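Have a look at the structure below, then the notes.
Small disclaimer: the values here were computed from a predicted structure and weren't measured.
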Amino acid sequence: MERCPWSEGFEQYRQYHDEEWGVPLRDSRALFELLMLEGAQAGLSWSTILKKRDNYRKAFDGFDPVRIAAYGPEDEARLMADAGIVRNRLKVNGVIKGARAYLAMEASGTRFSDFVWQFVGGEPLQNRWMTLGEVPASTAVSDAMSKALKKAGFTFVGSTICYSFMQAAGMINDHLVACPRHKAVKALAKGTPKSAKRA
């Protein structure tokens with residue numbers, strides 16, 4: 001299998017590439033978790049965060065926005081003492097702020113899934129890159145998402161983080177053309193029934 005070169009290195013990374021990366025994700029809670037993890041990645045590698053993902057889920061109550069939004073100083077201290085996550089105070093606070101922004105958005109009648117998917121018109125963008133060098137770090141679309149998320153109260157949502165988030169969430173198919181997952185992900189995008197898109 002000629003995978004995208006970035007996925008080689010260790011089995012968990014290959015599995016993530018083969019099963020998750022680029023698959024259209026429509027569940028609001030799952031998208032919130034992914035955006036928070038992408039924010040944790042800032043200045044680091046995704047492989048670092050992927051290795052710690054289970055620890056993050058445990059530390060942040062399964063990324064339940066309601067529970068996270070209620071965190072106080074004791075929870076912040078607990079998280080800053082947790083060696084299983086990246087102990088960066090701004091990033092920890094960023095997840096708490098993100099949960100509160102998420103709840104405010106949902107309370108206003110806007111589903112988080114609808115909010116992020118609007119930037120690609122509700123359907124995955126299909127790119128046809130031949131080499132990793134062609135894949136951009138950000139685009140006008142990720143610029144727009146970043147600006148809107150910041151306005152909504154999220155932090156650690158710069159344009160590069162947003163582009164990485166869109167790739168991972170399947171809003172953009174950035175598997176290289178030679179990678180078998182390019183065709184598989186494209187087929188998944190076409191095969192998603194409208195009812196599943198709204199779930």
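- Between Trp6 and Trp21, the ring planes are perpendicular. Angles over 60° get that label, and only those under 30° would be called parallel.
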Contacts table for residues 62-72: side-chain donor-acceptor under 3.5 angstrom, sequence neighbours left out:
residue : atom : partner : partner atom : Å
Asp64   : OD1  : Val66   : N            : 3.0
Arg67   : NH2  : Asp61   : OD1          : 3.2
Tyr71   : OH   : Asp61   : OD2          : 2.6

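- Expressed to the nearest 0.5 Å, how far CD of Glu134 lies from CG of Asn127 amounts to 10.0 Å.
- Side-chain contact between Leu35 and Val116 is absent, with no heavy atoms from C-beta onward closer than 4.5 Å.
- In terms of hydrophobic clustering, with Ile, Leu, Val, Met, Phe, Trp and Tyr side chains grouped at heavy-atom distances under 4.5 Å, Phe154 and Leu90 are assigned to different clusters.
- Here the straight-line distance linking atom CZ of Arg181 with atom SG of Cys4 works out to 10.0 Å at 0.5 Å rounding.
- There is a path of hydrophobic side-chain contacts, each under 4.5 Å, that joins Ile49 to Val95.
- Atom CD of Glu74 has 12 or fewer heavy atoms from other residues, nucleotides or ligands within 6.0 Å.
- Between atom CZ of residue Phe32 and atom CZ of residue Phe60 there is a gap of 9.0 Å, rounded to the nearest 0.5 Å.
- Here the shortest heavy-atom pairing between Pro180 and Glu2 reads CD-O, 3.5 Å.
- Partners of Glu76 by side chain to side chain donor-acceptor pair (under 3.5 Å), not counting sequence neighbours, listed by chain and number: Arg89.
- Arg128 CZ: 12 or fewer foreign heavy atoms inside a 6.0 Å radius.
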| message | One pair to check against side chain to side chain contact (heavy atoms under 4.5 Å, CB included): Ser164 and Trp46. What are the steps and the verdict? | response | CA-CA 10 Å; Ser164 180; Trp46 179 245; 5.9 Å; no

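- Between Asp18 and Ser7 there is no side-chain heavy-atom pair separated by less than 4.5 Å.
- Side chain of Trp117 to backbone of Leu25: a donor-acceptor contact under 3.5 angstrom is found.
- How far CD of Gln41 is from CG of Leu37: 9.5 Å, rounded to the nearest 0.5 Å.
- Heavy-atom minimum distance, Met105 versus Ala152: CE-CB, 3.9 Å.
- Annotation: salt bridge (charged side-chain N to carboxylate O under 4.0 Å, His left out) contacts of Glu19 (sequence neighbours excluded): none.
- With hydrogens and angles ignored, the 3.5 Å screen pairs no side-chain donor or acceptor of Lys91 with any backbone N or O of Phe156.
- The six-membered or imidazole ring of Phe165 lies away from that of Phe119, with a centre-to-centre distance of 6.0 Å or more.
- Taking a cutoff of 4.0 Å between a charged side-chain nitrogen and a carboxylate oxygen, Arg57 and Glu33 qualify as a salt bridge.
- Trp129 and Pro136 make their closest contact through CZ2-CD, 3.6 Å (heavy atoms, listed as atom of the first residue, atom of the second, distance).
- In terms of hydrophobic clustering, with Ile, Leu, Val, Met, Phe, Trp and Tyr side chains grouped at heavy-atom distances under 4.5 Å, Leu44 and Met80 are assigned to a common cluster.
- Following chains of ILVMFWY side-chain contacts shorter than 4.5 Å, one cannot reach Val23 starting from Val135, and the two form parts of different hydrophobic clusters.
- Expressed to the nearest 0.5 Å, how far CE of Met145 lies from OH of Tyr163 amounts to 11.5 Å.
- Taking each heavy atom of Ser138 and Ser159 in turn, the nearest pair found is CB-OG, 3.3 Å.
- At distances below 3.5 Å, at least one donor-acceptor pair connects side-chain atoms of Arg78 with backbone N or O atoms of Ala59.
- Val86 has its side chain within reach of Tyr56: a pair of non-hydrogen atoms, C-beta onward, lies under 4.5 Å apart.
- Taken to the nearest 0.5 Å, the CD1 atom of Ile161 stands 10.5 Å off from the CG atom of Leu149.
- Taking 4.5 Å as the limit, some side-chain heavy atom of Leu31 sits within range of a side-chain heavy atom of Met171.
- Taking the side chain as every heavy atom from C-beta outward, Asp54 and Lys58 never approach each other to under 4.5 Å.
- A donor-acceptor contact shorter than 3.5 Å is absent between the side chain of His17 and the backbone of Glu8.
- Contact between Ser28 and Ser113 at its shortest, heavy atoms only, is OG-N, 3.0 Å.
- Closest heavy-atom contact between Thr155 and Gly94: OG1-CA, 3.2 Å.
- Both Val157 and Leu103 are part of a single hydrophobic cluster, where members link through side-chain heavy atoms under 4.5 Å apart.
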